[in-house]
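Written out below as structure tokens is the structure these notes cover.
Here the structure is a predicted model, which means the values were calculated and not measured.
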Amino acid sequence: MKKIAIGGGQGFWGDSPDAAIHMIREGSLQYLSCDYLAELTLSIMARQQIKNPAAGYAPDFVNGILKEAGKEAWQKGIKICTNAGGMNIRGAVEATRQWAEQAGMSGYKIGYVLGDEIKAEIPRLLKEGWIFPNFDYDGSFLDIVDKIYNVNAYIGHEGIEECIASGADVVLNGRAADSALFLAPLAYEFGWQDDDWDNLARGIMAGHLLECGGQGSGGNFMYDWRSVPQMEELGFPIAELTEDTFEITKAPNCGGLISEQSVKEQFLYEVHDPANYITPDVNVDISQATIRQVAENRVRIGNIRGKKRPDTLKLCVGYHKGWKTVSMLSFAWPDAYEKARYCAEIILKKMDKKGMRAQDVHISFIGLNSLHLNVADTSEEALKNLNECVMRIAVFSEDKAQAAKIIPEISPLQLNGPPGASFFGGRAHVQEVIALWPTTVPRDAVKVEPHILEVK
């Protein structure tokens with residue numbers, strides 16, 4: 001029976017390439033898919049491209065995975081799919097072509113998929129009456145139109161699958177949905193049709209279990225992180241599918257853990273409604289799914305169902321919102337929290353006297369409530385026994401000059417405030433705030449264009 005093995009090679013832009021390289025060398029794969037994009041990654045890339053037109057993609061892919069093991073993958077017939085193209089897919093293609101030429105890989109086929117970036121279509125869609133409703137907040141899209149950096153639709157597997165069918169050895173994308181990078185090879189290999197909802201759902205969940213890299217194989221493991229062996233050599237998960245079975249495992253000779261518990265954590269990650277996990281390719285129902293350990297580091301998944309895909313696509317709009325500064329001062333025992341709190345009060349009084357206009361000021365105390373916020377233990381006993389406490393104050397303003405007002409007030413408090421203050425990291429800088437406008441767009445507004453470039 002035909003079996004296809006796909007490795008999950010990256011969880012985000014900046015992830016380690018070590019596990020992907022190890023899988024190429026020891027994983028018995030046919031495919032490797034690497035996810036580089038999160039919601040605001042594209043906005044960061046768009047800003048980079050404004051400063052340097054040659055930037056705007058994830059160079060780590062070429063300089064890391066391809067440089068170290070890309071030729072070996074090609075020689076073994078392992079095809080690679082990735083969304084590392086970001087905002088500059090053609091730039092990523094050119095970098096890949098140059099690498100392949102230098103490596104003497106004549107005949108290497110680079111597939112790439114264009115069409116997810118639709119900023120130029122916004123005026124037309126607005127004119128036609130599309131209002132781009134915000135998933136999370138109230139507000140009018142018209143208020144941010146002149147502040148937009150990027151507009152990217154989450155596209156599905158079709159363009160990637162076409163590139164694979166045309167013989168691509170690597171397929172570069174922009175905002176292909178994470179799981180689509182994994183569904184595409186499976187749909188191609190098994191001949192799944194675009195309305196084969198149950199099989200498409202299986203392929204999407206294979207991608208879902210792999211798209212976060214090490215998080216699916218014992219990394220970030222809440223259930224029992226102490227039980228994960230060799231985290232310094234963490235292997236990333238591999239999905240093995242036949243027409244009838246679907247299993248998660250990992251490569252030999254590496255660390256990590258594939259267990260019912262580790263798989264369950266990733267299975268439910270970012271799934272708001274288990275009966276309706278919506279993707280560009282299929283609406284997935286995992287409400288009756290089964291997850292069962294069948295061998296060491298091998299878990300079998302079953303009973304995944306699919307329903308018709310949505311008529312719209314998720315749209316990621318990144319825009320300029322304003323400016324922020326983040327400053328910190330640390331205090332040591334005794335009375336670390338009391339001193340840090342008093343220091344924050346001094347700063348706020350100074351800012352009030354100097355007329356700072358800010359839309360938001362957020363104060364938290366690292367070591368106490370910076371993560372747990374209002375559910376943190378702030379009992380008298382907890383506060384008294386703090387060995388140390390770091391006051392963190394963040395200011396957001398739509399006016400850059402107003403955000404900067406707080407900067408010169410922080411370091412003087414080493415000598416001009418409560419005792420034991422320590423200033424570190426240098427003066428804060430005003431930083432741009434890029435915000436996300438999550439919305440949808442009609443599916444027919446996005447024209448996906450697959451291409452192939454062969455290295456001479």
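Contact check for F267 versus L209: side-chain heavy atoms found under the 4.5 Å cut-off. Between L42 and Y149, every side-chain heavy-atom pair lies at or beyond the 4.5 Å cut-off. Under the 4.5 Å side-chain criterion, counting only non-hydrogen atoms from C-beta, S166 is not in contact with P450. No side-chain heavy atom of I410 sits less than 4.5 Å from a side-chain heavy atom of R427. Using a 4.5 Å heavy-atom cutoff, the side chains of I363 and I347 are not in contact. In this structure, N83 and R175 have side chains that are in contact, with non-hydrogen atoms separated by less than 4.5 Å. Residues M45 and T41 are in side-chain contact: their nearest non-hydrogen atoms beyond the backbone lie under 4.5 Å apart. Side-chain contact check for L383 versus L368: some heavy-atom pair is nearer than 4.5 Å.
The minimum heavy-atom distance between R202 and D244, with the atom names listed, is NH1-C, 4.0 Å. In plain terms, the two heavy atoms of F221 and S259 that are nearest each other are CZ-OG, 4.2 Å. Heavy-atom minimum distance, Y319 versus L436: CE2-C, 3.9 Å. Nearest heavy-atom pair across I24 and L29 is N-CD1, 4.4 Å. Among all heavy-atom pairs drawn from I65 and A20, the shortest one is CD1-CB, 3.7 Å. Among all heavy-atom pairs drawn from V113 and C163, the shortest one is CG2-SG, 4.0 Å.
For the pair R300 (side chain) and T290 (backbone), a donor-acceptor distance under 3.5 Å is absent. The backbone N or O of K354 sits less than 3.5 Å from a side-chain atom of K405, completing a donor-acceptor pair. At least one donor-acceptor pair under 3.5 Å links the side chain of E265 to the backbone N or O of Y223. Within the 3.5 Å criterion, the main-chain N or O of V145 finds no donor-acceptor partner in the side chain of D143. Without hydrogens or angle criteria, S327 side chain to I393 main chain gives no donor-acceptor distance under 3.5 Å. A donor-acceptor pair under 3.5 Å is formed between the side chain of T439 and the backbone N or O of P133. Checked by atom type and distance alone, the side chain of K447 pairs as donor or acceptor with a backbone atom of D444 at under 3.5 Å. Side chain of E117 to backbone of V151: a donor-acceptor contact under 3.5 angstrom is found. Under a 3.5 Å cut-off, the side chain of T249 and the backbone N or O of N297 do form a donor-acceptor pair. For the pair N173 (side chain) and A176 (backbone), a donor-acceptor distance under 3.5 Å is absent.
In this structure, CE on M391 lies 12.5 Å from OG on S370, to the nearest 0.5 angstrom. Between the CZ atom of F182 and the CG atom of L32 there is a distance of 8.0 Å, given to the nearest 0.5 Å. A distance of 5.0 Å separates CG of L126 from CZ of F132, quoted to the nearest 0.5 Å. Summarising the geometry, atom CG belonging to L315 is positioned 7.5 Å from atom CG belonging to N152; distances are rounded to the nearest 0.5 Å. Taken from CD1 in I366 to SG in C389, the straight-line distance is 8.5 Å, to the nearest 0.5 Å. Distance check, rounded to the nearest 0.5 Å: CG of L186 to CH2 of W192 gives 4.5 Å.
Crowding of F424 atom CZ: a count of heavy atoms from other residues, nucleotides or ligands under 6.0 Å exceeding 12. Other residues, nucleotides and ligands contribute at most 12 non-hydrogen atoms within 6.0 Å of the CD atom of E388. Within 6.0 Å of atom CZ in R298, more than 12 heavy atoms from other residues, nucleotides or ligands are found, so the atom counts as buried in its surroundings. The environment of Q288 atom CD is sparse: at most 12 non-hydrogen atoms of other residues, nucleotides or ligands sit within 6.0 angstrom. For NZ of K51, the number of neighbouring non-hydrogen atoms (other residues, nucleotides, ligands) closer than 6.0 Å is 12 at most.
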Note to self: Show, in sequence, the C-alpha distance, side-chain angles and deciding distance for N374 and N369, and conclude whether the side chain to side chain donor-acceptor pair (under 3.5 Å) test is met.
What the structure shows: CA-CA 7 Å; N374 60 354; N369 66 354; over 6 Å; no
Item checked: Trace of the side-chain contact (heavy atoms from CB on, under 4.5 Å) decision for T96 with V93 -> CA-CA 5 Å; T96 302; V93 170; 5.7 Å; no
Check: Going through the checks in order, is the side-chain contact (heavy atoms from CB on, under 4.5 Å) test met by L386 and F365?
Finding: CA-CA 11 Å; L386 280 179; F365 300 92; over 6 Å; no
Next item on the list: Tell me, with the steps shown, if H157 and I204 meet side-chain contact (heavy atoms from CB on, under 4.5 Å).
Entry: CA-CA 10 Å; H157 75 285; I204 284 294; over 6 Å; no
Checklist line | Verdict with supporting geometry, D60 and Y36, side-chain contact (heavy atoms from CB on, under 4.5 Å) | finding: CA-CA 9 Å; D60 315 36; Y36 283 82; 4.3 Å; yes
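A salt bridge links R124 to E128: at least one charged side-chain nitrogen sits closer than 4.0 Å to a carboxylate oxygen.
Residue pairs meeting the side chain to side chain donor-acceptor pair (under 3.5 Å) criterion with at least one member in residues 205-215, sequence neighbours excluded: H208-Y277, Q215-N220, Q215-Q266. A salt bridge (Lys or Arg N to Asp or Glu O under 4.0 Å) check over residues 303-316, counting only residues at least two apart or in different chains, returns the pairs E39-K314, E158-R309.
Side-chain N/O atoms of S379 and D377 include a donor and acceptor closer than 3.5 Å. Side chain to side chain, S287 and D285 meet the donor-acceptor criterion of an N or O pair below 3.5 Å.
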